[in-house]
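Numbered from 1 within each chain, the chains take letters A, B, ... in sequence-line order.
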Amino acid sequence: MGRMRGIRALVAAVATCAGIAGALAQTQDESEREIERYRAMINDPMANPGYLAVDRGEVLWSQARGTKAVSLETCDLGEGPGKLEGAYAKLPRFFADADRVMDLEQRLLWCMEKIQGLDTADVIRRRFSGPGRASDMEDLVAFIANKSNGMRIAPQNSHPREREMTAMGEAMFYRRAGVMDFSCATCHAEPGKRIRLQGLPDFSAPGKQAQETMGSWPTYRVSQSALRTMQHRLWDCFRQQRWPEPAYASDGLTALQMFLNVQAAGGEITVPSIKR
Amino acid sequence: MVSFSSQLLRALALVACGTVLAVTPAVTQERPAADPARVDALISGMFQRVSPEWRARTELDPTQRTCTERRNQVSAAEADAVQARERASVVLPPDGNFLGDWRKGFQVANNGRGFQFSDPAGTVAGGNCYACHQMDPREVSYGTLGPSLAGYGRERNYDPELIREAYIKIFNAQAVVACSNMPRFGSSKVLTIDQIKDVLAYLFDRQSPVNRP
């Protein structure tokens, strides 16, 4: 109840803020100050609509579904069956049973198929939520990632396949292709750059920018009125890169996340966060 | 290159102490590079379901290959080879006239659409210059990946030789600077010759807001 009231207040605050921000966007400094103020206003977890996704994810996790009519509660996310605390901080990682390095989305799809006998085609169709269309994946990721709050990003590298994924993610980061010759590095390899007024985090060096970025996803995107996971962020960056649409939960996206997490090692996880 | 494992160890050690906030880059040993064939397979695996035309965009041409392998840090000899190859693809305006309509040029500079998988068929592509450059000094929403172009024509005294050079730059940025981060607008067929002439007028027309003092 309190949460709903908080969210209504947030929506009003966001509307007011958007108005203020629009009117005041005269200089870069001013708009950045506005965004800072706005962040402070909405940093209250009780007022972050992303927590509605966390709640829905919790229900989905324990709900019996699929042809086997069982829940996901025996799914092993790397820390042992059903163990959620700290699992997200160590993903993506190598899973011997699947013989693959998997991110959280890939692992959840695997558990849905193997444990629940669930039709993942439908789950994948609803991979990104929209008006009147919830996404099981966004909700589950919000719930599970939230169980690593306060923990540090700990990229895995003990298995050779994990090291290989990281190296492949790094190679992808610098790969220039498409009609505009863009790579991730075109936009994310120098500090303090921006596109129009949007600041671009620098992922070419390990440290604070990568840590703050990777520690803040999944996030509630105010502009999209939806909780989004890194799958959606990378999908949108491929679009801006003028590359083709990447397949959801494909290994290339996992490789990029491995590399980004290595750059972000030690960053604190605080999710779901809330962003523009 | 930075060492992956040493950084990780460092990060983990700091985590263990509970003091980590920033991991400082420690350069010691090389991180082993990925097998290029495995990277190609990984990337093609992401685009199994897209059309052949779209898939073709993920294949690297020789210049993209060099810039990728060198991470844009090319030797003088490599730079010469890239620039010569890219210069050969530049097509000058058939009528010998370099300047179009600066008002249409503003549209080209301001339009960020085109070639995105979300674009409907028939979308007119822009040059999206404002994403990376300051142009009209009164426009506050501009990016900083490229240098400021405010007052560009005025500062160059509207010199015809420099107009010609800027045309070549926009037609193919890498004919001038190998492995530039700027797209090769003409050679990649992102912009037509007429669009390039219009955006060039936006930079060089005396009436253009770019040249307002």
**OP:** Let me know if Y248(A) has heavy atoms under 4.5 Å from chain B in its side chain, its backbone, both or neither.
**Re:** neither
Subject >> Pairwise distance OH(Y142(B)) to CZ(R196(A)) - rounded to 0.5 angstrom >> reply: 12.0 Å
Subject >> Portion of S183(A) that has a non-hydrogen atom of chain B nearer than 4.5 angstrom >> reply: neither
Original post:
Based on non-hydrogen pairs under 4.5 Å, which of Q240(A), M165(A), R242(A) is most in contact with chain B?
Top reply: R242(A)
Original post:
How many angstroms lie between OG in S250(A) and CG in L42(B), if you round to the nearest 0.5 Å?
Top reply: 8.0 Å
Original post:
Is the gap between the ring centers of F115(B) and W243(A) under 6.0 Å?
Top reply: no
Original post:
Can you tell me how far the CE atom of M182(B) sits from the CZ atom of F182(A), to the nearest 0.5 Å?
Top reply: 10.0 Å
Original post:
Going by an N to O cut-off under 4.0 Å, is there a salt bridge joining R175(A) and E69(B)?
Top reply: no
Subject >> Interface residue of largest heavy-atom contact number with chain A, from Q64(B), H133(B), R55(B), Q134(B), under 4.5 Å >> reply: Q64(B)
Subject >> Contact summary for L60(B) and R176(A), nearest pair of heavy atoms >> reply: CD2-O, 3.2 Å
Original post:
side chain to side chain contact (heavy atoms under 4.5 Å, CB included) between L200(A) and L145(B): does it pass, once the steps are laid out?
Top reply: CA-CA 10 Å; L200(A) 296 166; L145(B) 286 170; 4.1 Å; yes
Original post:
To the nearest 0.5 Å, what is the distance between CD1 (I195(A)) and OG1 (T144(B))?
Top reply: 9.0 Å
**OP:** List the atom of A167(A), the atom of A33(B), and the distance in Å for their closest heavy-atom pair.
**Re:** CB-C, 4.4 Å
Original post:
Does the pair R184(B) and V179(A) meet the rule for a side chain to side chain contact (heavy atoms under 4.5 Å, CB included), with working shown?
Top reply: CA-CA 8 Å; R184(B) 298 169 284 173; V179(A) 289; over 6 Å; no
Original post:
Heavy-atom distance under 4.5 Å between the side chains of L253(A) and M46(B), does that happen here?
Top reply: yes
Original post:
What pair of heavy atoms forms the shortest contact from F47(B) to P246(A), and how long is it?
Top reply: CE2-CA, 3.7 Å
Original post:
Of the listed residues (S180(B), S141(B), S188(B)), which shares the most heavy-atom pairs with chain A below a 4.5 Å separation?
Top reply: S141(B)
Subject >> S118(B) side, atom OG; W235(A) side, atom CH2 - distance, nearest 0.5 Å >> reply: 6.5 Å
Original post:
Does any N or O in the side chain of Q198(A) come within less than 3.5 Å of the main-chain N or O of G143(B), such that one atom is a donor and the other an acceptor?
Top reply: no
**OP:** For chain B, find which of A255(A), P244(A), G252(A) contributes the most heavy-atom pairs closer than 4.5 angstrom.
**Re:** P244(A)
**OP:** Report the option among E190(A), K193(A), M180(A), R239(A) that has the most heavy-atom pairs separated by less than 4.5 Å from atoms of chain B.
**Re:** R239(A)
Original post:
Do you know which of V50(B), T63(B), D61(B), N128(B) has the most heavy-atom pairs under 4.5 Å to chain A?
Top reply: V50(B)
**OP:** Would you give the length of the straight line joining atom CZ of R194(A) to atom SG of C132(B), rounded to the nearest 0.5 angstrom?
**Re:** 11.5 Å
